[in-house]
Protein chains: 2
Amino acid sequence: MNFSSKLLENAVNEFSKLPGVGQKTALRLVLHLLNQPASGVADFTGAVSRLKNEIRFCQVCRNISDLPVCGICSSVKRDRSIICVVEDTRDVMAIENTGQYNGVYHVLGGLISPMDGVGASDLNIESLVDRTASGEVLEVILALSATMEGDTTIFYLYKKLKDRNLKISAIARGIAFGGELEYVDEITLGRSIATRVPYENSLMK
Amino acid sequence: MNFSSKLLENAVNEFSKLPGVGQKTALRLVLHLLNQPASGVADFTGAVSRLKNEIRFCQVCRNISDLPVCGICSSVKRDRSIICVVEDTRDVMAIENTGQYNGVYHVLGGLISPMDGVGASDLNIESLVDRTASGEVLEVILALSATMEGDTTIFYLYKKLKDRNLKISAIARGIAFGGELEYVDEITLGRSIATRVPYENSLMK
């Protein structure tokens, strides 16, 4: 693109580094901000700067939190004997939205991905192992994405935790509720046949 | 959404004010920024702040420019007798990319839109009228969007300029090159039949 201003070009380049934002979208977003009052733009940049500079992570579960210990870890209503291991804070939000889970979480902060240079030591794995040492924890649920990175991470965690006196489970994989069989990809469908469950077990308790 | 942190929620809310960005996309963008090094986030917010605070507009055509007079208006190669009137800087970039235009521009900074509270006095219309007063300008091309707001603005500009000794033209409307007739909407197709041109005139000179 042929920009009439270096300032404009810089701002567009910064926006187009964001995931899923190309140059045209970046230009649209930048021109939108430019049309806002100065206070609106200051609010925008201020919120981003503050988030980056003042962000804290829960000392227990490593989820994003404004307090040293997050609301879920400090709640007396949550079952501390079950830990659900997730990739990031979005997964915590997604599982909380289901209303089906009452345990606590552990946020890894990513998945093992040698291609992206992310190894096990870059993730919050040691703190998870430490948490399971207390004897209070009875079950660890591995709720990671059904991708190669997710599977690699699950396998690594399983090896780390299998000698403890713990139940280790992974979230169920298969066809989605409301999914029509003919549109399901063959890997999912094939595996959901191979890992079929007795009908009584498939009913919600 | 149920955020674990007020800082995160604020940043997501600011991002979701951008056009075409919903809460889920905003969260994805914010978490991406959060994973960047502090210097990357500072570059991002700095570029946006600087753009807003240091932005200047060309004194002649009102396009975004780092100099008092933009590169196009100050170029000796451009034909100052033709002014192409456009809505914003994106349109200047789009027309420059065609390589078909060698005149100068005038950027209105918007379109007349009573629904959005934008009147003629909010746009750079007086400065356009002043530019045509010098006698140097022979033609004004109205290159505005084919929307109700565009048509309203064209009509307003036409009334303002028609008594001057000027040729006033509008960019051609019709079916796009490469467009298949059966997929063209009926208004465009109907108008392109009604405003058909002699075959010789439709050839590029």
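Chain letters run A, B, ... following the sequence lines, proteins first and then strands; every chain starts at 1.
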Short side-chain to backbone donor-acceptor contact, B:Ser4 and A:Ser65, under 3.5 Å: no
B:Asn63 versus chain A, the contacting section by heavy-atom distance below 4.5 Å: side chain
Leading residue by heavy atom contact count with chain A [cutoff under 4.5 Å; candidates B:Val92, B:Thr25, B:Leu29]: B:Leu29
Portion of A:Thr89 that has a non-hydrogen atom of chain B nearer than 4.5 angstrom: side chain
Taking every non-hydrogen atom, the tightest pair across A:Leu8 and B:Ile64: CD2-CD1, 4.2 Å
Heavy-atom neighbours of A:Asn165 CG exceed 12 at 6.0 Å: no
Any donor-acceptor N/O pair, A:Asn10 side chain to B:Ala47 backbone, under 3.5 Å: no
Atom of A:Lys52, atom of B:Leu34 and distance for their closest heavy-atom approach: NZ-O, 2.8 Å
Which portion of B:Lys17 sits near chain A, non-hydrogen atoms under 4.5 angstrom: backbone
Nearest non-hydrogen partners of A:Val41 and B:Val48, listed with the distance: CG1-CG1, 3.8 Å
Residue B:Val21 versus chain A: region with a heavy atom under 4.5 Å: side chain
Enclosure of B:Arg191 CZ (heavy-atom neighbours >12, cutoff 6.0 Å): no
B:Arg50 side, atom CZ; A:Leu7 side, atom CG - distance, nearest 0.5 Å: 7.0 Å
Side chain to side chain contact (heavy atoms under 4.5 Å, CB included) between A:Met93 and B:Leu27, intermediate numbers included: CA-CA 11 Å; A:Met93 288 163 72; B:Leu27 180 58; 3.9 Å; yes
Part of B:Glu96 within contact of chain A (heavy atom distance under 4.5 Å): neither
Separation of A:Leu18 CG from B:Leu33 CG (nearest 0.5 Å): 5.0 Å
Closest heavy-atom pair and its distance - B:His32, A:Pro19: CG-CD, 3.4 Å
Euclidean distance, A:Asp88 CG relative to B:Asn35 CG, rounded to 0.5 Å: 8.0 Å
